[in-house]
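Lettering follows sequence order; numbering is per chain, from 1.
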Amino acid sequence: MLDIRILRQDLDSTVTALARRGFAFERERFLDLEARRKALQVRTQDLQNERNTRSRTIGQAKARGEDIEPLKAAVGELGAELKQCEQELQELQTELEDLLLQVPNLPDSGVPEGADESANVEVRRVGEPQPTSFEPRDHVDLGNPGGWLDFEAAARMSGSRFVVMRGEMARLHRALIQFMLDLHTREHGYQEVYVPYLVNANALLGTGQLPKFDADLFSVHGEQGFRLIPTAEVPVTNLMAQQIVDGTDLPLKMVAHTPCFRSEAGSYGRDVRGLIRQHQFEKVELVQIVRPQDSSAALEALLVDAEAVLQALDLPYRVMLLSTGDMGFAAARTYDIEVWLPGQQAYREISSCSSFGDFQARRMQARYRSEAGAKPELVHTLNGSGLAVGRTLVAVLENGQQADGSIVIPERLRPYLGGTERLVPPSK
RNA sequence: GGAGAGGUGGCCGAGUGGUUGAAGGCGCACGCCUGGAAAGUGUGUAUACGGUAAUCCCGUAUCGAGGGUUCGAAUCCCUCUCUCUCCGCCA
């Protein structure tokens with residue numbers, strides 16, 4: 001969430017900045033709540049001060065063995081108004097807090113302004129789509145033989161937007177995960193972490209999925225109020241919640257492989273075919289916790305780390321800088337990486353890399369000390385997919401396809417498949 | 001699931017109703033001492049919010065979380081939560 005102090009000090013420019021990303025801040029309501037809060041807080045604290053002072057006097061009088069009954073009666077008169085004030089103040093503060101939790105992050109300077117993805121800016125294009133002498137098929141057709149990819153079987157037990165993988169396809173999927181984890185841990189300096197897939201509401205509040213986007217999440221029955229993680233960003237970033245770390249320990253670079261669960265409410269009819277948009281998918285996620293002055297450079301570096309996966313797999317892609325209207329709620333700046341899919345003759349998102357400034361850190365009270373004895377300051381958080389595994393599988397299949405339906409495996413991946421150079425569809 | 005014991009500052013650890021935001025120790029910061037260092041020694045050392053523009057000053061809140069009792073709660077009562085030990089079950 002935003003620092004309430006910038007709303008107090010620079011309200012107009014903040015409202016303008018929020019409008020750039022299509023958010024209408026309730027300016028008048030905020031001013032009204034703030035004015036009432038301030039008056040009530042002063043009054044409440046005065047009353048508390050009065051009560052504390054008199055109670056102390058009673059204690060002293062009692063110690064001297066004096067009669068304290070008249071004094072007690074006098075304090076008692078404060079009680080009713082104080083209780084009333086405390087209650088109203090708490091309600092006001094809760095209302096103000098709720099208002100702030102609904103406000104998205106401010107876009108970084110340099111983020112292109114626009115209402116939607118049409119205003120996104122292409123940053124670079126790497127690799128060339130390979131021409132084929134035949135009409136390229138999409139991954140659904142390529143994965144059909146032998147039930148490599150079986151959407152019907154998944155639909156019978158779970159419904160749409162699920163998949164069953166078999167044999168070499170399941171193995172290739174697993175190999176991609178291992179490859180990505182090895183690359184990021186061995187070559188990019190990330191520490192691998194294993195984290196819960198069920199989290200509480202507070203964790204989701206910390207990264208910004210709640211309170212606004214509960215409809216996108218799956219909740220689990222039971223008293224604990226668990227929700228399934230929509231991304232490893234939630235549990236990994238929340239490792240920092242309520243923590244104060246030494247500045248010398250930063251940056252923290254972590255990578256996790258987790259399944260991700262998304263309800264995809266409101267996406268009816270979009271990408272209904274194939275693996276692109278599933279309720280359950282695997283992702284390898286990169287998370288960095290850095291000093292504020294390092295976050296810009298860290299985002300560029302994290303982006304390069306994610307791109308390295310595509311380069312290693314010889315997959316053509318482009319990098320897009322998202323416009324204000326296309327960015328997520330908590331992001332200050334976001335790059336999407338889009339991979340070339342011959343089956344769709346289009347670039348499709350395969351990674352999203354964002355910096356959040358102190359927006360998430362403030363929500364989860366994630367702090368560091370710049371030096372021993374210094375005051376704790378909020379860290380900056382970043383994350384990015386490195387990569388979405390299901391979509392990477394799609395890209396490997398579609399870009400590696402041959403006229404006979406076989407799939408040439410990228411060289412860097414072959415050691416993870418026992419040296420297999422090519423997947424040949426089962427004959428039956 | 002059953003039984004028991006506990007959650008106090010960056011860490012350890014006192015504290016069962018009254019100037020306790022909290023003894024003492026460790027750690028840390030600064031000073032003294034020293035040729036320099038160690039040892040020794042002195043002082044300081046939580047966070048958030050508000051009054052203010054303010055790193056000073058003043059106030060309020062915070063001893064796992066939330067309620068309650070009381071003039072007054074770290075201390076008493078209730079609920080929840082987490083940790084540990086034993087039993088049961090289980091991968």
Which atom of [X] lies closest to which atom of [Y], heavy atoms considered:
{"X": "A:Glu411", "Y": "A:Pro415", "value": "O-CD, 3.4 Å"}
{"X": "A:Phe226", "Y": "A:Asn200", "value": "CD2-N, 4.4 Å"}
{"X": "A:Leu89", "Y": "A:Leu40", "value": "N-CD2, 3.4 Å"}

Does a side-chain N or O from A:Asn49 land closer than 4.0 Å to OP1 or OP2 of B:G59, or not?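 Looking at the OP1 and OP2 atoms of B:G59, neither is under 4.0 Å from any side-chain N or O of A:Asn49.
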
Rounded off to whole Å, could you give me the [atom1]-to-[atom2] distance for the [X] and [N] pair?
{"X": "A:Leu47", "N": "B:G72", "atom1": "CG", "atom2": "P", "result": "13 Å"}
{"X": "A:Glu50", "N": "B:G72", "atom1": "CD", "atom2": "C1'", "result": "14 Å"}
{"X": "A:Glu86", "N": "B:A61", "atom1": "CD", "atom2": "C1'", "result": "10 Å"}
{"X": "A:Leu40", "N": "B:U60", "atom1": "CG", "atom2": "C1'", "result": "13 Å"}
{"X": "A:Gln90", "N": "B:G67", "atom1": "CD", "atom2": "C1'", "result": "11 Å"}
{"X": "A:Tyr368", "N": "B:G10", "atom1": "OH", "atom2": "C1'", "result": "17 Å"}
{"X": "A:Lys72", "N": "B:G72", "atom1": "NZ", "atom2": "C1'", "result": "10 Å"}
{"X": "A:Asn200", "N": "B:C80", "atom1": "CG", "atom2": "C1'", "result": "14 Å"}

For [N] versus [M], give the span between their [atom1] atoms, rounded off to a whole number of Å.
{"N": "B:U69", "M": "B:U62", "atom1": "P", "answer": "16 Å"}
{"N": "B:G21", "M": "B:C63", "atom1": "C1'", "answer": "9 Å"}
{"N": "B:U85", "M": "B:G17", "atom1": "P", "answer": "33 Å"}
{"N": "B:A46", "M": "B:A22", "atom1": "C1'", "answer": "11 Å"}
{"N": "B:A53", "M": "B:U20", "atom1": "C1'", "answer": "34 Å"}
{"N": "B:A14", "M": "B:A23", "atom1": "C1'", "answer": "6 Å"}
{"N": "B:G25", "M": "B:C84", "atom1": "C1'", "answer": "24 Å"}
{"N": "B:U83", "M": "B:G27", "atom1": "C1'", "answer": "24 Å"}

Only Watson-Crick and G-U wobble pairs with both distances less than 3.5 Å should count. Give RNA chain B in dot-bracket notation, marking inter-strand partners with |. ((((((((.[[[..)..(.....]]]((((((.......))))))((((((.....)))))).[[[[[..)....]]]]])))))))....

Name the orientation class of the two ring planes belonging to A:Phe23 and A:Phe25 (parallel below 30°, tilted from 30 to 60°, perpendicular beyond 60°).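 It falls in the tilted class, 30° to 60°.
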
Per-nt protein contacts along nucleotides 46-51 of chain B (heavy atom under 4.0 Å; B base, S backbone sugar-phosphate only, - none) come out as -SSSSS

Could you run through nucleotides 12-23 of chain B and give me one letter per nucleotide, 5' to 3': B if any protein heavy atom sits under 4.0 Å from the base, S if only the sugar-phosphate is that close, - if neither? ------BB----

[X] side chain to [Y] side chain, donor-acceptor N/O pair below 3.5 angstrom:
{"X": "A:Arg422", "Y": "A:Ser406", "value": "yes"}
{"X": "A:Arg5", "Y": "A:Gln9", "value": "no"}
{"X": "A:Glu233", "Y": "A:Gln360", "value": "yes"}

Presence of salt bridge, [Y] and [X], under 4.0 angstrom:
{"X": "A:Glu86", "Y": "A:Lys83", "value": "no"}
{"X": "A:Arg412", "Y": "A:Asp314", "value": "no"}
{"X": "A:Arg29", "Y": "A:Glu95", "value": "yes"}
{"X": "A:Glu264", "Y": "A:Arg277", "value": "yes"}

For a 4.5 angstrom cut-off between non-hydrogen side-chain atoms, does A:Val236 reach A:Asn383?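 No, side chains not in contact.
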
Using a cut-off of 4.0 Å on non-hydrogen atoms, how would the nucleic acid contact of A:Asn52 be classed: base, sugar-phosphate, or nothing?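 Sugar-phosphate, no base atom in range.
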
Which comes earlier along RNA chain B counting from the 5' end, the contact point of A:Lys83 or that of A:Thr44, where each point is its nearest nucleotide?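 So the residue in question is A:Thr44.
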
Mind checking the OG1-CD1 spacing from A:Thr392 to A:Ile177? Nearest 0.5 Å is all I need.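 Here the interatomic distance stands at 10.0 Å.
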
